[in-house]
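Order of the sequence lines sets the chain letters (A, B, ...), proteins ahead of strands, with each chain counted from 1.
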Amino acid sequence: MSEAKNQTKTIKVNYLARVEGEGGLFIKAQNGKVKDVQLRIFEPPRFFEGLLVDRAFTEAPDITARICGICPVAYQMSACQAMENACGITVDGPLRDLRRLLYCGEWIKSHVLHIYMLHAPDFLGYEGVVQMAKDFPQEVERGLRLKKVGNDLMSLVGGRDIHPINVCLGGFYKTPTFRELLEFADKLKQAHEDAIKTLEWLSTFRYPQLERGYLFVSLCHPHEYPIDRGKVISSAGLNIDVSQFENFFFEKHLPHSTALHATHIDADKKERDYLVGPMARFNLNFNCLTPTAKYYAEQLGLTPPCTNPFKSIAIRAIEVLYAIEEALRLIDSYHAPFSSKMPITPKANNGYGCTEAPRGILYHRYEIDEQGIIKVAKIVPPTSQNQKIIEEDLRHFVERYFSQGQAVLQHHCEQAIRNYDPCISCATHFLKLHIDEE
Amino acid sequence: MPRHKKPKLAVWKFTSCDGCQLSILDCEEELLAIASRLEIAYFLEASKRTMRGPYDISIVEGSVSTPEEIKRIQDIRSNSRIIVTVGACAASGGIQALKNFRDKNDFLSLVYATPSYICTLDTALPISRYVPVNFALQGCPINKGQLLNLICALLEGRTPNIPTYSVCVECKLKGNICILVSKNAPCLGPVTQAGCGAICPTYNRACYGCFGPKETPNATALASELKTCGFSNADIARVFRTFNPTREEFYQIGRQYERSKKSD
Ligand code: SF4
Ligand code: SF4
């Protein structure tokens, strides 16, 4: 480290590539110590929480879907759950299975897009998937094929792969036939092979070293890997109902720069950063994975607690395998429901919803009146919850690898951000930032 | 541009959900073929490699909602031979344009603890309000088939074959029973431009107009029909004011029914 002494490094990436939305990174380090880290998000604010006021409760799933083109189902599912909670109904049985099936489609599509098109190029040293395709044609084709299965599942159950139209409060406008689902199962079987090949491929990657002690937060269900419902739990023993979320998690509007940062207030009233997303789900719910998914995780040396954020790409692939097997199970046990939706009538009330978006828990709360008109909306997307953790990862990473060349360091920093697949478009309330032209 | 070179394509994002750009990455079967016919010179969601302009084709997603975006779209215009906008955000402001109808200040404080940190315009507007646009693909999100049709047309130098008739035509082609008539549902199909394949009516649901107005829509007639079906003024204002609220035809009806909301 001696040559690192008296050295000031400034890493600045004005536009981050291969993330959803727009963001930049600013790090300043001196004498091997990081002085400042800012993940700068300059996605223009879109004010969804304000736009929802005075809209009808039935519109929330379609409107909030437009927060993010890559995880619209997550928004639709959290919104439905919150509204149904306000009106006192719970969607169960085959309708709930179909929702979970639709969600599996989104997990497959989103994770595969991230693994192959956004993140793998970092590990293999390419600028993007198109450049990578020249040397890895088979792998890229496999990735595209696998992603398409996710898209097709979303289209089959949701009517469209981006912003599905078939989701409504109480269920669906139309349910697929058993035959359509059975035909789809064949595609899923092919995808199963591709998912395993993906895991084998990822086992050949080199993962930068970084282990951190994280506070993981995810949903938890007694006997299901969490996707569409559960309690909110943490690796420190938190176990609360979704309606308690705002008593334990706060968003801060920081003056210095970035977006709203979420923090967790623990039992001792201490503020803590926490991590949501695949790594949190995996570590907290490993036992609920399917036997095959567990087997491949172990083959890859992934067992809880896994605390190297660079391995999140492999955990995503485990979740892809899980989602495929779960989708096959849901299809196998499907019985067409009597009606495509449960009746729902508005009630003046508060409603809470939380589901596992591909990037982590997504919380919604609404207050509606007796006509079903929205009076208050509150949305906490995963990226605002992970933002502080990303900055902390960068701080540790830069300190550890400070003596490396600027270019290497910068490359790894970008890669470290992409570990979280930050979906900056979740800009329900991200801020515009000024770029520091030093 | 020297002729023997591949045309340079750039993809730009403004205020949006990324969904329309994602439609490009969602062309799984055609993606590598597209990449072989075009030089992808700027597409940050896909690659960190960037090339300087001028660009032959710029695909623009999203609406203009910050001062910085005004400047950026002007730079892109002066650096691009053809600008194609994709999606409702770019063509009509999109969902975020709903803020145009509200007072910015009570809005900001609803969402942010310290509104003074926010730098944003009072409006979210279509790209064409700031610079001339060569072609606009409608939809929230756009349809992949239409996107491929457009890219091929641009490569071949022909006019893209994008229908301007209504969703009703697609419904009839599919053999759907009219949802407005049979279900008394507030369907915007008659005034909405085709392109999605009439997905919503096919799924037993009324069209909510995500593709925006068709050419010469008769929105006034549809609105009074909805009134006859028993929908309130507020309901009618809301259906016209969702994903394409600033397009002239939808804007007028939205305003008229919003104003007469009190007489519900
Ligand atoms: S038009 Fe719709 S899908 Fe396209 S970017 Fe805008 S919100 Fe997203
Ligand atoms: S039917 Fe209407 S709302 Fe539905 S996808 Fe088509 S244009 Fe959009």
(request) Indicate yes or no: at least one non-hydrogen side-chain atom of A/K109 is less than 4.5 angstrom from one of B/L22. (result) yes
(request) Report the distance from atom NE2 of A/H163 to atom SG of B/C20, rounding to the nearest 0.5 Å. (result) 7.0 Å
(request) Heavy-atom distances under 4.5 Å only: say whether B/S23 touches chain A with side chain, backbone, both or neither. (result) both
(request) For A/R55 and B/T242, test the side chains for any donor-to-acceptor distance below 3.5 angstrom and give the result as yes or no. (result) yes
(message) Can you tell me which portion of B/Y208 sits under 4.5 Å from chain A's heavy atoms? Options are side chain, backbone, both or neither.
(response) side chain
(message) Does the structure place the NZ or CZ of B/K99 under 6.0 Å from the centre of the six-membered ring of A/F47, at an angle of no more than 45° from the ring's axis?
(response) no
(message) Assess whether a salt bridge exists between A/K147 and B/D26, defined as any Lys/Arg side-chain N lying under 4.0 Å from an Asp/Glu carboxylate O.
(response) yes
(request) Determine the option with the most heavy-atom pairs under 4.5 angstrom with chain B, choosing from A/I63, A/I373, A/V140, A/V130. (result) A/I63
(request) Counting only heavy atoms closer than 4.5 Å, note whether B/C140 contacts chain A via side chain, backbone, both or neither. (result) both
(request) Start with the C-alpha gap between B/R205 and A/N166, add the side-chain angles, then the distance that decides, and say whether side chain to side chain contact (heavy atoms under 4.5 Å, CB included) holds. (result) CA-CA 8 Å; B/R205 148 169 219 193; A/N166 192 23; over 6 Å; no
(message) Check whether A/R66 reaches the backbone of B/I95 with its side chain - one donor and one acceptor, N or O, closer than 3.5 Å.
(response) no
(request) Can you tell which part of B/I199 gets under 4.5 Å to a heavy atom of chain A, answering side chain, backbone, both or neither? (result) both
(request) Working to the nearest 0.5 Å, report the span between CG of A/L51 and CZ of B/R102. (result) 7.0 Å
(message) Test of understanding: with side-chain contact (heavy atoms from CB on, under 4.5 Å), list the residues that count as partners of B/S182, not counting sequence neighbours.
(response) B/I177
(request) Sequence neighbours left out, what passes ring pair (Phe, Tyr, Trp, His ring centres under 6.0 Å) with B/F250? Give chain and number order. (result) B/F240
(message) Using heavy-atom distances under 4.5 Å, tell me whether B/T50 contacts chain A through its side chain, its backbone, both, or neither.
(response) neither
(message) If you define the side chain from C-beta out and look only at heavy atoms, does anything of B/R238 sit under 4.5 Å from A/D54?
(response) no
(message) Rounded at 0.5 Å granularity, tell me how far SG in B/C17 sits from CD1 in A/I162.
(response) 7.5 Å
(request) Enter the distance from A/Y173:OH to B/T202:OG1 here, rounded to the nearest 0.5 Å. (result) 14.0 Å
